[in-house]
There are 2 protein chains.
Amino acid sequence: MSEQWLDDIKWTADGLVPVIAQEADSGDVLMFAWMNREALHLTAQTGHAVYWSRSRARLWHKGEESGHQQVVTDMRLDCDNDVILLRVKQIGNIACHTGRHSCFFQRLEGTTWHTVEPVLKDPDSIYGNGKHP
Amino acid sequence: MSEQWLDDIKWTADGLVPVIAQEADSGDVLMFAWMNREALHLTAQTGHAVYWSRSRARLWHKGEESGHQQVVTDMRLDCDNDVILLRVKQIGNIACHTGRHSCFFQRLEGTTWHTVEPVLKDPDSIYGNGKHP
């Protein structure tokens, strides 16, 4: 994986890059995650989002348990070469492990975070065990 | 600043939280930055985006030099309470220090990053000295 486009990225000291996943059609910001070099390479190669799970310290093929893959339509890099914007088609319309469309479902109203998006599918029925995707 | 909504956030070990700024009307993802507790508090209090500049280790009132402030229309928190999505009205239509609308102006085409968004205003005329906002 000596590709120049991967070398162009300013990886963190941990070898990661932050990634914003945005739904291409709606413009909705779906989630935020991290990739390492292998994850980004696999994402480009397969056309499906592959992240690096920091909590599990392993590659995480988005949708590997839930079936809610993200098909990449466009990949962008920011001005500082240290953040990726992934524009995707979200399979199943659910990006969040809570069963919601987007992970950003808590809205600040006054001085309280309110849940403003519905659960589209019970996580237990998505994952069986209710665990994180 | 003992507000519960600030305590709800899972700050990094450095006391920061990643922030995605999205243009409310267009849905365009404009930039990615960080906030500390004071920056987030000021953002909510003033209704204008205030970030924490890691490179300069100080509060950064977005637009303080360029005039390109971000007026907050909506603030969201993700499922893990560790990422903020700021929906904003971008004054001047320019979020990026390069003079472009969005910081995500490099698109992966094949195996090369291509600049696909125009410079709307010469950074030298925005900042005088061409420095980062």
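To find a chain, count down the sequence lines: A is the first, B the second, and so on, and within it residues start at 1. The shown structure was predicted, so the numbers you read here are calculated from the model rather than taken from an experiment.
Interface summary for chain A: among B/Met31, B/Gln22, B/Arg107, the most heavy-atom pairs under 4.5 angstrom belong to B/Arg107. No other option in A/Leu108, A/Leu77, A/Ile20, A/Thr98 has as many heavy-atom pairs under 4.5 Å with chain B as A/Leu77. Ranked by heavy-atom pairs shorter than 4.5 Å toward chain A, the options B/His114, B/Gln106, B/Glu109 are led by B/Gln106. In terms of heavy-atom pairs under 4.5 angstrom with chain B, the leader among A/Asp8, A/Thr112, A/Asp74 is A/Asp74.
More than 12 heavy atoms of other residues, nucleotides or ligands shown are found within 6.0 angstrom of CG on A/Asp82.
A/Ala24 approaches A/Thr73 most closely through the heavy-atom pair CB-OG1, 3.4 Å.
A salt bridge does not link B/Arg58 to B/Glu38: none of the charged side-chain nitrogens sits closer than 4.0 Å to a carboxylate oxygen. Comment: A/Arg76 does not engage A/Asp78 in a salt bridge, judged by the lack of any side-chain N to carboxylate O separation of less than 4.0 angstrom.
Sequence neighbours left out, the pairs with a member in residues 43-52 of chain B that pass side chain to side chain donor-acceptor pair (under 3.5 Å) are B/Tyr51-B/Gln70.
For B/Ile9, the part sitting under 4.5 Å from any heavy atom of chain A is the side chain, from C-beta outward, and nothing else. Contact annotation for B/Phe32: only side-chain heavy atoms (C-beta onward) come within less than 4.5 Å of a heavy atom of chain A. Only the side chain of A/Glu117 comes within contact range of chain B, judged by heavy atoms closer than 4.5 Å.
When each of A/His101, A/Arg87, A/Gln90 is tested with A/Glu23 by the rule side chain to side chain donor-acceptor pair (under 3.5 Å), just one qualifies, namely A/His101.
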